[in-house]
Amino acid sequence: MTNRIVSVEGIARKFPGLTVFQNVWFGIERGEFVCLVGHSGCGKTTILNILAGLDTPSDGVVLVDGKEIEGPSLDRAVIFQGHALMPWLTAEQNVAFAVSCRNPSWDKGRVRDAAREALARVGLTQAAERKPSQLSGGMKQRVGIARALSVNPKLLLMDEPFSALDALTRGSLQEEVSRLVTEAGQTAFMITHDVDEAILLADRILLMTNGPEARVAEVVHNRLARPRTRADLHHMPGYHPLRDHIMDFLITRSRTLAGTPPAGYDARNPPVVELGG
């Protein structure tokens, strides 16, 4: 019996005169963290939006627990690049709104308790009554993380959520997400340009060729031991060959492999590389 929760089957996104990506296949196992890495223009955000139900593929289909995605759902929570908080609500109220949508039968007290618990998990108990304008960028993203996890989604989707933050805040939140996702056994899918972020967080890293007509060229199984921290990552055995392999792909092979697939390429089973362990 398969443990697969997401099945992406031959999706493409086409516009008149332009095919952004095509024939993209991959799966995500329950409890797995998958990162999609590639240059701008290869369709990473579009793929995430299709998984979120915010866009539809020109070809192919995406299944979650065997059912075709037909639109947005609280089973798939999204953390965006921007915090996407409602500015007129406090941090607690922003989270409570999501909790109440997920659990419409709950009374106000139960919703409030769940929202407070979610904020406590990301270290924001003292900021519960603050509105977004009173929070730092990192704190806003913590509220977004708390809100996403508060609905217990089947799939957590992240669209470069830390890219606008300073390096120290970004590293801290990456480790926080890693901890929270691991503790909850959460299934997660993230798109990123940050190679070290992908290595820190992901179990598998999908490498996309350059667009147009982008595709998944390779799948890297990240065998670095967990837990991983920013401070220790570059000291871990296997880290440098893993990072060098991904950097080589982004610098050279993402371009040279673009366009017509090489002979023998199977989109359903792209080449797999085991690194880091």
Side-chain angles (χ1 to χ4, degrees), residues 5-6 28 30-35 48-49 51-54 64-65 67 69 71-165 169-170 172-192 197 201 227:
I5 188 171
V6 177
I28 304 175
R30 206 172 302 274
E32 185 180 31
F33 201 126
V34 173
C35 276
L48 183 138
N49 286 339
L51 266 65
L54 301 172
V64 176
D65 267 346
K67 297 181 180 179
I69 290 176
S73 166
L74 288 171
D75 283 339
R76 286 166 274 118
V78 185
I79 304 174
F80 297 98
Q81 290 183 31
H83 56 79
L85 301 178
M86 290 175 277
W88 60 91
L89 298 181
T90 65
E92 181 182 304
Q93 289 168 338
N94 267 280
V95 178
F97 179 77
V99 174
S100 63
C101 289
R102 181 64 160 175
N103 305 283
S105 64
W106 287 11
D107 61 37
K108 290 183 179 180
R110 189 175 181 185
V111 168
R112 182 184 63 247
D113 289 345
R116 289 178 177 175
E117 180 183 353
L119 288 172
R121 291 172 66 194
V122 298
L124 284 182
T125 298
Q126 301 304 318
E129 299 305 317
R130 297 185 198 174
K131 292 184 177 180
S133 61
Q134 300 170 303
L135 302 174
S136 68
M139 293 170 77
K140 291 173 186 175
Q141 284 299 69
R142 286 179 185 272
V143 176
I145 294 166
R147 179 178 58 185
L149 292 176
S150 72
V151 300
N152 296 313
K154 291 182 179 179
L155 179 63
L156 179 64
L157 299 165
M158 289 176 277
D159 181 7
E160 300 192 75
F162 315 126
S163 59
L165 303 174
T169 302
R170 183 166 63 246
S172 174
L173 281 180
Q174 288 166 350
E175 291 185 4
E176 191 79 2
V177 165
S178 180
R179 177 183 66 81
L180 290 168
V181 166
T182 299
E183 288 178 354
Q186 178 68 58
T187 307
F189 177 83
M190 172 186 274
I191 61 172
T192 182
E197 180 172 82
L201 295 172

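This structure is a prediction, so every number in the text was calculated from the model and none was measured. Along the sequence shown, the residues carry numbers beginning at 1.
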| message | Can you give me the closest heavy-atom contact between Ala91 and Ala127, atom names plus distance? | response | CB-O, 3.6 Å
| query | Looking at side-chain heavy atoms only, is the closest gap between Glu160 and Ile191 below 4.5 Å? | reply | yes
| From CZ (Phe97) to CZ (Arg147), nearest 0.5 Å | 9.5 Å
| field | Shortest non-hydrogen contact between Ser150 and Val99, atoms and distance | value | OG-CG2, 3.5 Å
| message | So Leu54 and Pro72, do their side chains get closer than 4.5 Å, heavy atoms only? | response | yes
Under 3.5 Å, sequence neighbours excluded: what are the donor-acceptor pairs made by side chains of residues 132-140?
unit_1: Gln134; atom_1: OE1; unit_2: Lys131; atom_2: N; d: 2.9
unit_1: Ser136; atom_1: OG; unit_2: Met139; atom_2: N; d: 3.2

| Taking every non-hydrogen atom, the tightest pair across Phe162 and Gln174 | CD1-CG, 3.6 Å
| message | Could you report the tightest heavy-atom contact between Leu85 and Gly144, atom names first, then the distance? | response | CD2-N, 4.3 Å
| Of the non-hydrogen atoms in Leu173 and Arg142, which two are nearest, and what is the gap between them? | CD2-CG, 3.4 Å
| said: Would you say that Ile69 contacts Arg76 through its side chain, given a criterion of any heavy-atom pair below 4.5 Å between the two side chains? | reply: yes
| Nearest atoms (heavy-atom pairs only) where Ser163 meets Gln81 | OG-OE1, 4.0 Å
| Looking at side-chain heavy atoms only, is the closest gap between Phe33 and Val181 below 4.5 Å? | yes
| query | Charged N to carboxylate O below 4.0 Å: is that the case for Arg116 and Glu92? | reply | yes
| request: Answer yes or no: is there a side-chain heavy-atom contact under 4.5 Å between Asn103 and Val111? | output: no
| task | Could you check if a side-chain atom of Arg102 sits within less than 4.5 angstrom of a side-chain atom of Asp75, using non-hydrogen atoms only? | result | yes
| Does the pair Phe189 and Leu51 meet the rule for a side-chain contact (heavy atoms from CB on, under 4.5 Å), with working shown? | CA-CA 9 Å; Phe189 177 83; Leu51 266 65; 4.0 Å; yes
| field | Passing option when Val177 is tested against Ile79, Ile145, Leu149 for side-chain contact (heavy atoms from CB on, under 4.5 Å) | value | Ile145
| Who are the side-chain contact (heavy atoms from CB on, under 4.5 Å) partners of Asp65, not counting sequence neighbours? | Ile5, Arg30, Lys154
| query | If you round to the nearest 0.5 Å, how far is CG of Leu201 from CD of Glu175? | reply | 9.5 Å
| message | Taking side chain to side chain donor-acceptor pair (under 3.5 Å) as the cut-off, I'd like each qualifying pair that reaches into residues 182-192, sequence neighbours left out, listed once. | response | Arg179-Glu183, Thr192-Glu197
